[in-house]
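Some notes on the structure that comes next.
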Amino acid sequence: MKKISILIPAYNEEEVLEPLYIRLGKLANDNKKYDFEFLFINDGSRDKTLEIIKDYANSDNRVSYINLSRNFGKEIAMIAGLDHVTGDATVIIDADLQDPPELIPEMIKYWEKGYDDIYAKRNSRNGETWFKKTSSKWFYQILQKTTSIPIQIDTGDFRLLDRRCVEALKQIRESQRYTKGMFSWIGYKKKEITYDRDPRAAGGTKWNYFKLFNFAIDGITSFTTAPLRISSFLGFIISLIAFVFIIIIVTKTLLFGDPVTGYPSLMAVVLFLGGIQLISLGIIGEYIGRIFNEVKQRPLYFIEEYHHSEDNKKTRR
Ligand code: UDP
Ligand code: MG
């Protein structure tokens with residue numbers, strides 16, 4: 001029998017775990033042709049998330065869990081899960097029921113037809129603010145324009161991955177992870193299905209605009225060096241303008257003499273150039289920061305406890 005692993009990163013999700021577990025249980029009962037594994041990644045939750053998961057694991061041998069040693073963020077929680085899933089295919093799903101588990105049978109259908117990566121594209125984003133929708137749209141557009149790989153718009157991490165995609169993702173050991181881009185980067189046969197994204201079932205989002213801004217910078221700096229190119233380009237253009245300007249000024253001075261004027265234009269030029277230089281330095285700094293973080297070669301995460309359902313033995317590390 002083929003096995004489907006459901007990978008669920010969870011951070012402070014005590015309120016939504018029960019409805020999620022019920023819907024996943026229903027999914028497994030309706031699809032008896034497959035074995036299911038529910039692998040919860042507890043990402044250092046500070047509420048009862050871990051206890052609830054442990055309860056499920058004690059009474060249900062489909063449930064496995066990994067308890068990370070602290071909160072590492074969703075991107076790291078996902079790779080921790082991918083490192084440990086045992087299924088022939090893996091579905092990544094949010095704990096907050098924004099991704100309906102009822103879509104999974106359709107994903108499995110396409111997987112059986114030979115697709116490797118079946119991703120769910122959001123038709124609508126109920127319960128999200130206008131600002132979040134627009135900023136996310138812009139971000140995707142910028143990213144798409146500056147990278148050579150196709151980025152899927154309005155697509156989250158909710159998807160079914162064949163074993164070979166999982167093996168590919170496991171080889172990417174970057175510490176500042178932008179998993180959404182990696183799904184595209186690894187390639188393989190992709191299939192898009194659409195759905196209406198629900199608002200969060202309960203609890204609050206773990207994102208704020210500052211985090212999203214950082215995530216956007218991570219996304220751009222991990223997949224493209226275009227900003228560096230843009231600052232070189234700006235430098236080139238500005239030098240060219242300056243060169244023409246110098247010729248004009250020198251000629252003018254030689255021909256007509258030069259009473260000292262031009263304080264406003266001088267200030268404008270100095271401030272403008274200062275701004276461009278600071279931005280360029282910042283861009284270079286972003287990339288150096290990434291190099292710094294990657295050369296340290298730290299392990300991506302530490303596991304406090306891994307409970308694997310099949311043999312029911314607990315491993316402590
Ligand atoms: N999550 C996580 N670690 C974190 C933050 C979030 O594992 O540090 C999980 C969270 O429990 C949820 C998923 O990542 O299952 C998506 O988080 P959230 O719903 O807050 O993000 P949004 O849907 O608003 O983008
Ligand atoms: Mg959510």
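Computed from a predicted model, the values in this text were never measured in an experiment. Order of appearance sets the numbers: ligands from 1, and atoms from 1 within every ligand.
Within a 6.0 Å sphere centred on CD of Glu112, heavy atoms belonging to other residues, nucleotides or ligands number more than 12. Other residues, nucleotides and ligands place no more than 12 heavy atoms under 6.0 Å from the CH2 atom of Trp185.
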Show me, pair by pair, the donor-acceptor contacts under 3.5 angstrom made by side chains of residues 265-287, not counting sequence neighbours?
unit_1, atom_1, unit_2, atom_2, d
Ser265, OG, Gly262, O, 3.0
Ser280, OG, Ile276, O, 2.9
Tyr287, OH, Thr224, O, 2.5

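Phe158 has its ring centre less than 6.0 Å from the ring centre of Tyr195.
No side-chain donor from either of Tyr178 and Glu75 sits under 3.5 Å from a side-chain acceptor of the other. Between the side chains of Thr155 and Lys180, not a single donor N or O lies within less than 3.5 Å of an accepting N or O.
The atoms of ligand 1 that sit less than 4.0 Å from any heavy atom of Pro9 are 7 (O), 9 (C), 10 (C), 11 (O), 12 (C), 15 (O). Near Asp96, the atoms of ligand 1 lying under 4.0 angstrom from a non-hydrogen atom of the residue are 19 (O), 23 (O). Every atom of ligand 1 is numbered from 1 in the order shown, and the set under 4.0 Å from a heavy atom of Asp43 is 2 (C), 3 (N), 4 (C), 7 (O), 8 (O).
Polar contact with ligand 1: absent for Ala77 (N/O pair, distance under 3.5 Å).
The name of the N, O or S atom in Asp96 nearest to the Mg ion (ligand 2) is OD2.
Contacts between Glu13 and ligand 1 below 4.0 angstrom, taking non-hydrogen atoms only, involve the side chain exclusively. Counting heavy atoms under 4.0 Å from ligand 1, residue Asp94 touches it through both backbone and side chain. Residue Asn71 touches ligand 1 through its side chain alone, judged by heavy-atom distances below 4.0 Å.
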